[in-house]
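We use all heavy atoms of the structure for the numbers below, so side chains are in, but hydrogens, waters and symmetry mates are not.
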Amino acid sequence: MDLIAETPYRFRIEQHGSMRVPGIVFASEALLPEKSEGALEQVVNVAGLPGIVGASYAMPDMHWGYGFAIGAVAATDVATGGVVSPGGVGFDISCGVRLLAADLDRDDFERRADRIMDGLSAAIPRGAGKGAVWELPDSELQRVLLEGSRYPVERGYGTQRDLDRCEDGGAVDDADTSQIGQRARARGLAQLGSLGSGNHFLEVQAVEQIYDQRAAEVFGLRQDGVCVMIHCGSRGLGHQICTDHVRAMESAMPRYGISVADRQLACAPVDSPEGRAYLGAMAAAANFARANRQVLGTAASDVFRKETGVELELVYDISHNLAKVESHAVDGETRQLCVHRKGATRALPPGHPELPPDLREVGQPVLIPGSMGTASYVLTGVPGGDAFFSTCHGAGRTQSRHQAVRSVDVKELRKELTRQGVRVRGSSARGLAEEAPTAYKDVDAVVEAAEGAGLCRKVARLVPLGVVKG
């Protein structure tokens, strides 16, 4: 396939074959994946989905994923038979990022850093399998699946302000728990308030640079201030829901006359029984993920209060693996679209009606974690943002986890992080190797490309002080 450079940060794949729309890749020349990696082919495959509108979009952090590339955005028109595809959300439904700020300077943290990091390490369950801050009976799991972060707040895990600063007010509407199997429920019971493994983490950070003073002030960020960033999702519950509904859609596609270029793009019309069932189960998993980050944020705040006397205040909580039915203008007409964002973050601009009043002036906080030991960013949405107001979600992998394990010396990695002043509390040597900075793209370059493409703008750059790894 040919990539046509439209600007230094926007490339086009013209329609060909079964494509219904073009492919648009937001990236610099240096960030484009090799064609042999398969991610660009996935952009083409997604462009053939029934009902897709606009384009099949890919973000600067794109890399190969299940069905959709990670770092993909695609919207389908509900009224014309547009489909929903679990591969456009991923297995870790509503995986996302939560950022909290402390009224604490970097120097204040450094004086008691080891006590704080040891406290966080003890308080934050992580790794594969069971282990949670809050183990639930099934009756309370039902409340979490329906109410998201609102139920933990009701039970004392946080405050109303947390809900005001969370996407969708802390809960996705239209959750349907009847579409969740018993195995998925069982996997969620003992995992609420846990990081999991892989690229999930809790990181203590400092604000190194502010690019937009007014937006930073509204968000609650200040120069050299300490923050806590949490990256995790819906754990085994979300994974099982994705697995179950992919199978159901594979069986259903022939009934709707749907064929796809890759079986991992299994899908069904949004308005079909299978489409509605998946969206209901997905919403419930998203509510679990938000409650998970809510509980973890409260656990981290308890440690900071004990060690420093300072509370953590929520900046924002945003998902980057979700499908949402949203209103957007297409060809001059407002339509209901099912917008898939997989490894992509919603980036609402200033003035957007869905923003809470205290953020409406400057736009939605967009949280972009780097790889372990590198910077992270806070961005905000911009007027006229392309790809249905979406942007990147992180640095994006350049190596698989297996490749990273084979190429990284964990002892040297620990030494290098220590030299950088980053205190690491990891659950396994393998986990650290999998998430080494060399396995990822340069987050500075990714953010530069996203901003250069007109998807967002920078507010602040954060650097790591300590990390608790899943």
Salt bridge flag under 4.0 Å for residues [X] and [Y]:
X	Y	result
D118	R115	no
D138	R185	yes
R143	E140	no
D168	R290	yes
D92	K342	no
K35	E41	no

Heavy-atom check, side chain of [X] versus side chain of [Y], under 4.5 Å:
X	Y	value
R10	D386	yes
R341	F388	yes
V204	V226	yes
T243	R183	no
N321	I93	no
L296	C232	yes
M59	L455	yes

Measure from the side-chain N and O atoms of [X] to the backbone N and O of [Y], and report whether any donor-acceptor pair falls under 3.5 Å.
X	Y	answer
R235	L192	no
T345	V366	no
T7	Y9	yes
S319	G96	no
Q364	L348	yes

Separation of [Y] [atom2] from [X] [atom1] (nearest 0.5 Å):
X	Y	atom1	atom2	result
R126	F201	CZ	CZ	14.0 Å
L141	T177	CG	OG1	9.0 Å
E37	Q42	CD	CD	11.0 Å

Next item on the list: Could you tell me if the ring centre of H320 sits under 6.0 Å from that of H231?
Entry: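 Yes, close enough.
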
Next item on the list: Not counting sequence neighbours, list each pair that qualifies as a side chain to side chain donor-acceptor pair (under 3.5 Å) and has a residue in residues 214-229.
Entry: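 Residue pairs with at least one partner in residues 214-229: D103-R222, D105-R222, R214-E217, R214-E361.
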
Margin query: Could you tell me if S149 and R293 have a donor-acceptor pair between their side chains, going purely by distance under 3.5 Å?
Written below: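 No, S149 and R293 have no side-chain donor paired with an acceptor closer than 3.5 Å.
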
Next item on the list: Decide whether R165 and Y316 meet the rule of one side-chain donor and one side-chain acceptor closer than 3.5 Å.
Entry: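 Not at all, the side chains of R165 and Y316 share no donor-acceptor pair under 3.5 Å.
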
Check: Which pairs pass ring pair (Phe, Tyr, Trp, His ring centres under 6.0 Å) with one or both residues in residues 137-165, sequence neighbours excluded?
Finding: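 Only W134-Y151, W134-Y157 qualify under ring pair (Phe, Tyr, Trp, His ring centres under 6.0 Å).
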
